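Below: the structure, in C-alpha cells.
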Amino acid sequence: MSDQDLQGQTQDRNKAWGGVFTERTDKRVEQFTESISFDKRLYDVDIRGSLAHARMLCDVGVLLPEEYIKIERGLLEIKSEIESGQFEFLIEFEDIHMHIERALICKVGDVGRKLHTGRSRNDQVVTDLRLWVCGEIDAVDFGLVELQRAFVGRCESDIDVILPAYTHTRRAQPVLAPHVWLAYCEKFERDRERLRDCKKRVKSLGLGAAALAGTSIPIDRSKTAEYLGFESVAANSLDVSSDRDFVLEAAFCLVQIAIHTSTLAEEWILWSTSEFNFLKLPQAFCTGSSIMPQKVNPDVLELIRGKTARVIGNLQALIVLTKGLPLAYNRDLQEDKQPIFDSFDTIKSILTVAAPLVSGVELNREWISGQLDYGYLDATTLMEFLISSGVPQRTAHGIVGKLVRIAIDANVPLSKLSLQQFRSVYDAIGEDVYKILGVKSAVAAMKSYGSTAPEQVNTQIKKWKQKLSPVK
Ligand code: ARG
C-alpha cells in the first residue's frame with residue numbers, strides 16, 4: 001500500500017498520525033510545534049535505538065530476518081545521507097523520529113512501517129536522549145582530564161613558587177603554587193565522579209515502555225538494553241516517558257563544572273591585573289580593545305565566567321519545565337532538548353580553551369616573591385609555634401595579634417621584629433622563633449595530610465601524575 005492508499009481519506013496524509021484528522025495542520029502550528037530544527041542532532045542515536053529495537057523485534061519473531069536486514073540497510077543509508085548533507089529536513093515532519101521513519105518507508109517500503117511496532121515516540125525520544133547524554137558525558141570527561149593534565153603538567157616547574165593564598169580576598173597564608181593547581185584538580189575530579197555516577201542512571205532502558213502502558217507485543221526489552229549497552233531496564237512504563245531526572249542531573253553536573261571553571265576564571269582575571277600582577281596570560285588567549293591601544297584583555301577568562309550564567313539558566317529552565325507536569329509524557333518535554341544541548345556544548349567549549357590557557361600562563365615569579373613579605377602570611381605559623389610550646393590557642397592568637405599590630409605600626413614583617421619586641425608581648429618566647437618566620441619556613445612548618453607542606457604536595461603531584469598518565 002502506498003502512503004496515499006493508507007491515509008488517502010485524510011487531509012493530512014503526510015503525517016504519521018494523520019489517520020484520525022480531517023483537517024490539515026495549520027502551517028503556523030507546524031512552525032510552533034516542530035523540533036527538527038534542533039533535534040536533528042539526535043539522528044545518530046535515533047538510528048542506533050531503531051537498529052537495536054529492530055534487532056530485538058527480529059529475535060522475538062516480530063520481524064523476519066530478511067525484513068530486519070532491509071530495515072538495517074535502510075537505516076544505515078539514511079545515516080550516511082544525513083552525514084553527507086543529502087538528507088532533506090522539513091518542518092512538516094516535526095522531529096527527527098518522524099523524519100527517519102518516513103525516509104525508511106520511502107526506501108524499503110512496507111517493511112519500514114513495521115519498525116515502530118512495540119514502541120512510541122515517547123519512549124523513543126527518551127532513549128535517544130539517554131544515548132546522547134551518555135556520549136556527551138564521555139566527551140566532557142575527556143575535556144576535564146585534559147584540564148587536569150594541564151594543571152598537573154605545570155606542577156613540577158612551579159614547585160618552588162610560593163603564592164599568598166586568600167580568604168575573603170585578603171592575604172591569609174602562604175602556599176606552594178602546585179598546591180593551588182591541585183586544588184583545581186580535586187574539584188574537577190569530583191566533577192568527573194559526579195558524571196560517572198550520573199551516567200549509571202542515564203543508562204537505563206526506557207524503550208518498549210511504548211506510549212505509557214507498555215505493549216501487548218511480546219518484545220524482549222532486556223535484549224534491546226543489551227544491544228544498546230544499557231545497564232538496566234526501566235521497570236515502570238509510566239515512569240519512563242515522564243522521567244527527565246537524568247537530564248536535570250546531568251544539567252546540574254555541568255553547572256558544578258561551570259562554577260569551578262568560573263572560580264578559576266575569576267581568580268586568574270584578578271591575578272593577571274596590573275594590581276596583582278601574579279601571572280601573564282598567553283597573548284593567544286587574550287584580545288585587544290578597539291579604542292584603547294594599550295589593552296590586552298582577559299576575554300577568554302571573562303567568557304568562561306560569563307558562560308556559567310547560561311549553564312545555570314539551563315538547569316533552572318529544566319527544573320521549571322518539569323516541576324508541574326503530571327504523568328506521563330507531555331509535549332512540554334520537547335523543551336528539554338535545547339537547554340541540555342546548550343549546557344553540554346557550552347561546557348565542552350569552555351574546556352577546549354581552558355586547558356591550553358592553563359598550560360600557557362606564566363607566573364611572574366620575581367614579582368610574586370618580592371611581595372611575600374607583605375600581609376603577615378606567617379602569623380598563623382607563629383601562633384602554632386606558640387601552641388606547640390604549650391600556650392593555649394586562644395592565648396597564642398591574642399599574642400600574635402598584638403605582635404602583628406606592633407609590626408604594622410613599624411611597617412615591618414614579623415621576622416624584622418627584635419627579640420625584645422617579641423618579649424614585650426610574651427616574655428617566654430625563645431630565639432628559635434626566627435626559624436619559623438618568613439613564608440618559606442611557614443610552608444615548611446606544615447605537617448598535616450593535605451596541607452601545603454612540600455612533602456605533602458610532592459606526594460600529591462606523584463599521585464596525580466600516575467592517575468592521569470601520560471601528563472603532557
Ligand atoms: N519531538 C517530541 C519530543 O521531543 C517527540 C515525542 C513526541 N511524542 C508525542 N506523543 N507527541 O518530545
Side-chain angles (χ1 to χ4, degrees), residues 155-184 186 267 270-271 273-279 363-461:
C155 279
E156 274 164 354
S157 54
D158 293 339
I159 190 71
D160 53 349
V161 179
I162 293 178
L163 287 167
Y166 296 79
T167 60
H168 314 273
T169 332
R170 301 288 187 273
R171 287 187 166 221
Q173 289 186 272
V175 295
L176 295 177
H179 198 55
V180 182
W181 309 159
L182 295 183
Y184 284 106
E186 295 285 345
E267 183 152 277
L270 279 175
W271 287 9
T273 56
S274 5
E275 285 73 12
F276 266 84
N277 197 30
F278 283 2
L279 48 86
L363 288 173
N364 294 333
R365 291 157 178 258
E366 272 178 39
W367 171 262
I368 294 168
S369 78
Q371 300 298 305
L372 291 172
D373 273 346
Y374 302 98
Y376 303 98
L377 296 164
D378 47 0
T380 309
T381 322
L382 173 57
M383 179 192 73
E384 290 182 344
F385 168 79
L386 295 176
I387 293 171
S388 300
S389 69
V391 183
Q393 192 271 342
R394 284 284 160 235
T395 315
H397 188 286
I399 293 168
V400 177
K402 286 191 183 112
L403 288 167
V404 169
R405 176 46 58 200
I406 292 172
I408 290 172
D409 292 345
N411 197 22
V412 291
L414 287 167
S415 59
K416 290 282 171 346
L417 293 182
S418 66
L419 197 57
Q420 269 162 318
Q421 283 172 306
F422 276 112
R423 287 186 173 156
S424 71
V425 178
Y426 180 60
D427 57 9
I429 211 156
E431 245 184 280
D432 52 349
V433 68
Y434 292 105
K435 280 200 233 134
I436 56 98
L437 293 174
V439 289
K440 237 182 151 152
S441 316
V443 168
M446 292 294 168
K447 293 199 175 65
S448 61
Y449 173 78
S451 70
T452 192
E455 353 42 284
Q456 285 289 331
V457 175
N458 279 316
T459 309
Q460 292 295 325
I461 296 173

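Throughout, residue positions are numbered sequentially from 1 according to the sequence presented. Predicted model only: the values in this text are computed from it and were never measured.
Between the side chain of Asp378 and the backbone N or O of Gly438 there is at least one donor-acceptor pair closer than 3.5 Å. One N or O on the side chain of Trp367 and one on the backbone of Phe276 form a donor-acceptor pair closer than 3.5 Å. Remark: side-chain polar atoms of Thr452 are paired, donor with acceptor, to backbone N or O of Leu176 under 3.5 angstrom. Within the 3.5 Å criterion, the main-chain N or O of Leu419 finds a donor-acceptor partner in the side chain of Tyr434. A donor-acceptor pair under 3.5 Å links the side-chain atoms of Asn458 to the main chain of Pro454, judged by distance alone. In this structure a side-chain-to-backbone donor-acceptor pair under 3.5 Å is present from Gln421 to Ser418.
Counted by atom type alone, Tyr166 and Gln173 present zero donor-acceptor pairs between their side chains at under 3.5 Å.
The closest side-chain heavy-atom distance from Leu437 to Phe385 is not below 4.5 Å. Residues Thr395 and Tyr426 have side chains not in contact (no heavy-atom distance under 4.5 Å, counting atoms from C-beta outward). Glu431 has its side chain out of reach of Phe422: every pair of non-hydrogen atoms, C-beta onward, lies at least 4.5 Å apart. Taking 4.5 Å as the limit, some side-chain heavy atom of Pro164 sits within range of a side-chain heavy atom of Leu372. Between Ile368 and Ile162 there is no side-chain heavy-atom pair separated by less than 4.5 Å. The shortest distance between side-chain heavy atoms of Thr273 and Phe278 does not fall below 4.5 Å. Met446 has its side chain out of reach of His179: every pair of non-hydrogen atoms, C-beta onward, lies at least 4.5 Å apart.
Here the CG atom belonging to Leu386 is positioned 11.0 Å from the CD atom belonging to Gln393, to the nearest 0.5 angstrom. In this structure, His397 NE2 and Ile387 CD1 are separated by 9.5 Å, a value rounded to the nearest 0.5 Å. Atom CD1 of Ile436 and atom CE of Met383 lie 11.0 Å apart (nearest 0.5 Å). Atom CD in Glu267 sits 9.0 Å away from atom CG in Leu279 (nearest 0.5 Å). For the atom pair Ser389 OG and Glu384 CD, the distance stands at 12.0 Å (nearest 0.5 Å). Separating the CG atom in Leu382 from the OG atom in Ser415 is a distance of 11.0 Å, to the nearest 0.5 Å.
For the pair Pro413 and Asp373, the tightest heavy-atom approach, listed with the atom from each and the gap, is CB-O, 3.9 Å. Contact between Pro178 and Val457 at its shortest, heavy atoms only, is CB-CG1, 3.9 Å. Taking every heavy atom of both residues into account, Thr381 and Ala442 meet most closely at OG1-CB, 3.2 Å. The two residues Val180 and Trp271 come nearest to each other via the heavy atoms CG1-CH2, 4.2 Å. Between Ile406 and Ser424, the shortest heavy-atom contact is CD1-OG, 4.1 Å. Of all heavy-atom pairs between Glu186 and Gln460, the closest is OE2-OE1, 4.0 Å.
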Point to revise | Intermediate values then yes/no, side chain to side chain contact (heavy atoms under 4.5 Å, CB included), Leu182 and Cys155 | key: CA-CA 8 Å; Leu182 295 183; Cys155 279; 3.8 Å; yes
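Partners of Asn277 by side-chain hydrogen bond (donor to acceptor under 3.5 Å, both in side chains), not counting sequence neighbours, listed by chain and number: Asn364. Annotation: salt bridge (charged side-chain N to carboxylate O under 4.0 Å, His left out) contacts of Glu455 (sequence neighbours excluded): none. With sequence neighbours left out, Asp158 forms a side-chain hydrogen bond (donor to acceptor under 3.5 Å, both in side chains) with Arg154, Trp181, Arg365.
Within a 6.0 Å radius of CZ in Arg405, other residues, nucleotides and ligands contribute 12 heavy atoms or fewer. For Asn411, the CG atom is loosely surrounded, since the number of other residues' heavy atoms within 6.0 Å does not exceed 12.
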